[in-house]
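Every chain is numbered from 1 and lettered A, B, ... according to where its sequence line falls, protein lines coming before strand lines. Below, all heavy atoms of this structure are taken into account, side chains as well, without hydrogens, waters or symmetry copies. Treat the numbers as computed from the prediction; the structure is a model and nothing was measured.
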Amino acid sequence: MIEHLETDVLVIGGGAAGMAAALSASRAGVRVTLLEREKKTGGVLNQCIHHGFGLQFYQQELTGPEFAFRLQSEMNEHSVKVISESYVRHINTKSKYVEVISPEGVFTIQAKAIVLSTGARERPFGALQIPGDRPAGIYVAGLAQRMVNLENTLPGRRALILGSGDIGLIMARRLTLEGMEVLGVVERLPYAGGLTRNVVQCLEDYDIPLYLSHTVVEVRGNKRLEKVLVSEVDENFTPISGTQKWFNVDTLILSAGLIPQVEDLGENLEIDAINRGFAVSNTCETNVPGIFAAGNNVAVFDLVDYVAAEGWIAGQNASKIVKDQKRESKRIPVIRGKNVGVLVPTYITPEEHLRIYIRLKKPMDKGTVIIKKLGIEKPFNYGVPSEMINFVVNRDKLQELKGPVKIEVIE
Amino acid sequence: MKIAIIGGGVIGSLLAYELSHYEVNIVLIEKNHDFGLGVTKANSAIVHGGYDDPPGSLRAELCYKGNQLYEELAEKLKIPLKRTGSFVVARNCKEDLEKLEELLSRGEKNGVKGIEVVGRDFLEKYEPYLSEEFEYALHCPHTGITEPWMVAITAVKEAEKSGAELVRGDAVVGGEVSEGKVKYLQLKSGRKIEADIIINAAGLYYHEVANIFGVPTPQVYLRKGQYILLDHKASEMVKHIIFPLPSEKGKGKLVVPTIDGGVLLGPTSENLPEFTPEDVSTTLEGIKEVIIAGNELVPGIAKPNWIIKSFAGLRPETQKKDFFIENSDRVRNFVTVGAIRSPGLTAAPSIARYVIEEILERRMSINLTKRVSDKKSVPDSFRVKESDLDEIAAKIRNDEKYGRIICQCNQVSEAEIIKAIHEGARSIDGVKFRTRAGFGRCQGGFCTWKIAKILARELKIQLSEVRLNEEGTALFNGKVRV
Ligand SMILES: Cc1cc2nc3c(=O)[nH]c(=O)nc-3n(C[C@H](O)[C@H](O)[C@H](O)COP(=O)(O)OP(=O)(O)OC[C@H]3O[C@@H](n4cnc5c(N)ncnc54)[C@H](O)[C@@H]3O)c2cc1C
Ligand SMILES: Cc1cc2nc3c(=O)[nH]c(=O)nc-3n(C[C@H](O)[C@H](O)[C@H](O)COP(=O)(O)OP(=O)(O)OC[C@H]3O[C@@H](n4cnc5c(N)ncnc54)[C@H](O)[C@@H]3O)c2cc1C
């Protein structure tokens, strides 16, 4: 017999976004069930043992596990039903019917609304198209982080890090502190991919060189990695001949980007081509009514505080659906103008406040975000792609909105 | 009668399996830690149609037969086999159409049934994403795909059930020949193995093994083939195996669905300047070539976001470009099954029968008696991914580990991983090739540590002893604070 459950709001994925969604929905008084495929909720927070989380969401500087713990406790208080080690095998997005496999058995759940908060995965080595041998000793950063922080195991002795995203930067410091020799961080862009504070605190403070406009062009090793060839690149990322240099390392850590996990989560869900995550509106609703998404499966956010805030909104709006099923909501497309890369949301629903998150396409000393249709001009001093620009537009300003809204940034 | 087989690739493994139907003692010696991880690991995994090989060659004789034998093999060994069918595509020009006709007539000479030339309508119906440039194709419905290493691994397991001895992680490095016969094989570990007949199925190393015993073999050189693997999403764009027209250099760079739902692009065809059988490195040019070729056949298939891995394999080639399957005049109990290039995977089951019936029985006049009614248990090939909910529920009731999914991308449970380890997987790759855990889009980013921990627990070793594959490929370097 296959067990069948029912719930009002079903949250799939128990990281920061999912926990916040479960919490807000449950506070709104509906029944909430949260499915997490791991043994523990928390997602990537569990392995981020460094501090720097929660300054906005909790007005307090916490470590990743502390941040997760607070959300977990609050979920308990609000009797969210958490089912861990549950693998979602199939979601019927239309009928909100979900099939799940877990050690306890196979079960199905009928929900009234669903929040997808499945986070992101790391871009694997093979996707980087780096030629050479295929030895042991090449790890995505999250895997290395997990092994060091939670399994008490070092990946190797001498490491090079490819990619200057936050995970790469943080791992450079962590591995150094744990006694490994980190020879450098290699970044193909002319600027760092991670937060400025991480460049300072994780590299500069430890004298770890950052090789900007450089990339790995070959890996060599008979069994275990032996050396890595690094080259300078031009603005098209083409290696410049004569600039190659071998690094003798037994470990290569890849921090080459996160990819929102959107696959196999049900048919007909629209994906934003640039964000590579679910296309949502400011209510966190996807194109399929009653299916919401929040967190890193919408776009890769730089701060957990934003992720949790988005999760919160997703949970709130999901609970509204449960209470009032017949509801018409407009979706006005947002268009990327000049210099705008990642942009959340993809649509505007005028009934709710609008929070906008923008990643610039390039660093700027000075700039202005312009939304002509809303009469908005937001100047800023110094912006980098790694740090999202974000602000809220009050819903009163959105009432008269018709037709697509363009957002652009001028220098 | 004792027969020693050197090399546990698809050839040696199927030989062991086929021989296990006879009253003989078998010992299979493989230098790697697991079977099927040589050439058998890195190829196009195609069960070829048999129309392409030059009529009169051993390849032609054995390929189509092998293709047909796969049916029975799939049933008995429960190895995956999917007859996707294939198209060799041609443009609407004289030169291309002549080549297509040539293939068709070769096929007929090789005794291949059911192949035909089809036109644009047919192609559009079955492969809507195929480039419009191609207006005709040779359609071969019985071309299929399999999981090559699983053919070897499963065949070996069945042979073992019938009493075959398996030696792994040990190589034949010497031996003694006296009075025109091999008396014993000397293994790297120091062990000596005596046998009445020696079969050399050492893949890329067949001439080196033959050399040890003074058996002359044709000169071998290596031809590299590089591939890229695409995400499961790419399989929305292609259902058949798509070949360009073959050339001097071989069957060309293909678009091939894989058995677990991905798509392979490649291979390249590059002659290596030296005999470097360990060199399976990829190159930037190779990767680029494969991407361009894939896009030429199915425009847009090589999306950068879909590329999850690149790898390379080596083909053992001889001047004659044919299999070399011979018993030796000089060393009378020594048989070489060498130069097994493409379509060696396809031909493997018929190669095994050829060795038994043509070489051992006919040419060497050895009397082999068939075992009487060999009822073997059907191998268990349960996969969560391929089962329906009720079947999975039943499995979980007996063992909750079937409900603990370790590999998210390919839906592999802890129970499947433990079973693989108990059946011989000794490393991350061992688990990966047997269960498909880590083969998917995240390429082990999420599950490697879990599999490492299961390996450590089941093998009773430290995490720092867990290897990626062979000895010397430890993944972790001891404790953080020592
Ligand atoms: C290494 C690293 C360092 C960081 N450092 C900082 C920092 O210093 N400060 C800061 O503010 N932010 C930092 N961040 C960012 C922030 O922590 C993350 O953006 C945030 O935790 C992501 O939350 P999420 O809920 O979207 O995703 P995740 O945490 O990835 O959670 C997703 C959850 O969903 C589960 N899941 C996925 N698919 C399924 C499924 N099909 N069924 C069931 N469950 C599923 C997963 O197991 C996981 O638990 C860092 C991130 C990383 C990776
Ligand atoms: C790029 C490429 C694409 C191909 N595509 C196809 C295809 O689509 N379809 C098809 O039918 N065929 C294909 N082939 C051919 C097919 O892969 C091979 O013919 C087949 O795998 C050969 O198997 P094998 O057992 O001879 O070799 P291997 O798999 O290499 O087995 C030989 C084994 O011998 C072991 N060994 C070597 N020396 C010793 C020793 N001294 N002691 C003990 N053990 C030893 C090795 O470790 C190895 O495991 C392709 C080949 C390549 C390279």
Side-chain angles (χ1 to χ4, degrees), chain A residues 1-3 37 85-87 89-90 99 101-108 121-137 139-140 142-143 146-157 178-180 217-224 239 250-251 259 261 263-264 276, chain B residues 228-229 231-233 278-287 291 304-305 307-311 384 389-390 392-393 396-397 400-405 408-409 411 413-414 428 441-446 448-449 452-453 463-464 467-482:
Chain A
M1 248 274 293
I2 291 175
E3 202 186 342
R37 64 185 185 189
E85 289 197 289
S86 51
Y87 178 87
R89 160 129 139 167
H90 183 72
E99 296 173 355
I101 300 171
S102 85
E104 308 266 294
V106 172
F107 60 95
T108 56
R121 66 171 185 278
E122 294 176 87
R123 176 172 290 133
F125 176 69
L128 305 175
Q129 298 170 45
I130 298 173
D133 301 323
R134 297 293 175 255
Y139 311 83
V140 288
L143 174 61
R146 158 111 219 165
M147 294 317 288
V148 175
N149 290 352
L150 297 182
E151 310 297 339
N152 198 34
T153 302
L154 279 184
R157 291 293 157 197
E178 299 301 352
M180 272 178 80
V217 290
E218 200 173 313
V219 291
R220 287 285 161 201
N222 184 10
K223 293 188 164 158
R224 176 82 196 201
D250 64 2
T251 306
I259 306 169
Q261 293 205 89
E263 300 91 351
D264 308 326
R276 296 186 66 183
Chain B
I228 60 173
L229 176 66
D231 189 274
H232 289 191
K233 293 219 136 190
E278 308 279 318
D279 174 14
V280 285
S281 60
T282 57
T283 61
L284 207 54
E285 302 74 48
I287 294 171
I291 291 175
N305 294 345
I307 298 174
I308 57 176
K309 182 162 182 91
S310 61
F311 62 92
V384 167
L389 287 184
D390 290 314
I392 301 167
I396 296 173
R397 248 170 270 137
E400 62 159 35
K401 297 192 182 75
Y402 278 102
R404 188 167 293 124
I405 304 300
Q408 313 291 337
C409 306
Q411 220 174 94
S413 68
E414 183 177 12
I428 298 286
R441 60 171 58 102
C442 91
Q443 288 285 299
F446 282 122
T448 300
W449 68 271
K453 284 184 83 168
L463 261 184
S464 55
R467 290 178 279 137
L468 180 63
N469 40 57
E470 292 305 309
E471 234 158 87
T473 62
L475 275 181
F476 307 110
N477 194 314
K479 294 250 187 289
V480 166
R481 294 169 199 90
V482 278

Worksheet, complete the sentence: Rounding to 0.5 Å, atoms CG (A:N222) and OG1 (B:T473) come to a distance of 10.5 Å
Discussion item. Let's go through A:L143 and B:W449 carefully: what are the C-alpha distance in whole Å and the side-chain angles of both, what is the deciding distance for side-chain contact (heavy atoms from CB on, under 4.5 Å) to 0.1 Å, and is it a yes or a no?
Written reply: CA-CA 7 Å; A:L143 174 61; B:W449 68 271; 3.8 Å; yes
Practice prompt. Measure across B:S281 and A:R220 and return the closest heavy-atom pair with its distance rounded to 0.1 Å.
Written response: CB-NH1, 3.5 Å
Worksheet item: Contact part of A:L128 toward chain B, heavy-atom cut-off under 4.5 Å: side chain, backbone, both or neither?
Response: neither
Fill in: Euclidean distance, A:R89 CZ relative to B:Q411 CD, rounded to 0.5 Å
4.5 Å
Fill in: Most chain B-contacting option - heavy-atom pairs closer than 4.5 Å, from A:M180, A:E122, A:R123, A:E263
A:E263
Item to complete: Could you go through the side chain to side chain donor-acceptor pair (under 3.5 Å) check for B:S310 and A:R134 one step at a time?
Response: CA-CA 9 Å; B:S310 61; A:R134 297 293 175 255; 2.7 Å; yes
Fill in: A:R146, part contacting chain B, at a heavy-atom distance under 4.5 Å
side chain
Worksheet entry | A:K223 side, atom NZ; B:E471 side, atom CD - distance, nearest 0.5 Å | 7.0 Å
Worksheet, complete the sentence: Checking B:E414, B:E400, B:K401 against A:P103 for side chain to side chain contact (heavy atoms under 4.5 Å, CB included), the one that qualifies is B:E400
Worksheet item: Can you tell which of A:E99, A:H90, A:E104, A:R121 has the highest number of heavy-atom pairs within less than 4.5 Å of chain B?
Response: A:R121
Worksheet, complete the sentence: Under 4.5 Å to a heavy atom of chain A? For B:I287 that would be side chain
Worksheet item: With only heavy atoms counted, which part of A:Q261 is less than 4.5 Å from chain B, the side chain, the backbone, both or neither?
Response: side chain
Worksheet item: Tell me, side chain or backbone of A:I101 under 4.5 Å from chain B's heavy atoms, or both, or neither?
Response: both
Worksheet item: Any donor-acceptor pair under 3.5 Å linking the side chain of A:R157 with the backbone of B:N477?
Response: yes
Discussion item. Counting heavy-atom pairs under 4.5 Å with chain B, which one of A:R37, A:R276, A:M147, A:R224 comes out on top?
Written reply: A:R37
Discussion item. Less than 4.5 Å to any heavy atom of chain A: does that hold for the side chain of B:I392, its backbone, both, or neither?
Written reply: both
Response to the item:
Whatever's closer than 4.5 Å to a heavy atom in chain B on A:F107 counts as neither
Discussion item. Using the rule given for salt bridge (Lys or Arg N to Asp or Glu O under 4.0 Å), can you reason through A:E151 versus B:K453, listing the C-alpha separation, both sets of side-chain angles and the distance that settles it, and then say yes or no?
Written reply: CA-CA 9 Å; A:E151 310 297 339; B:K453 284 184 83 168; 2.9 Å; yes
Response to the item:
The residue among B:T282, B:L284, B:I291 that forms side chain to side chain contact (heavy atoms under 4.5 Å, CB included) with A:Q129 is B:I291
Worksheet, complete the sentence: Counting heavy-atom pairs under 4.5 Å with chain A, the top scorer among B:V384, B:N305, B:D279 is B:N305
Worksheet, complete the sentence: What one should report as the nearest heavy-atom pair of B:C442 and A:P124 is O-CB, 4.0 Å
Practice prompt. Kindly indicate, with the supporting measurements, whether the criterion salt bridge (Lys or Arg N to Asp or Glu O under 4.0 Å) is fulfilled by B:R441 and A:D264.
Written response: CA-CA 11 Å; B:R441 60 171 58 102; A:D264 308 326; 3.1 Å; yes
Discussion item. Let me confirm one number: the OG1-CZ distance from A:T251 to B:F476, rounded to the nearest 0.5 Å.
Written reply: 10.5 Å
Worksheet entry | Minimum heavy-atom distance between B:A474 and A:A136, given as atom pair plus value | O-CB, 4.0 Å
Worksheet entry | Spacing of OH belonging to A:Y139 relative to CG belonging to B:L475, to within rounding of 0.5 Å | 5.0 Å
Practice prompt. To the nearest 0.5 Å, tell me how far B:I405 CD1 sits from A:S102 OG.
Written response: 9.5 Å
Worksheet item: Looking at A:Y87 and B:Q408, what are the two nearest heavy atoms and their distance?
Response: OH-O, 2.9 Å
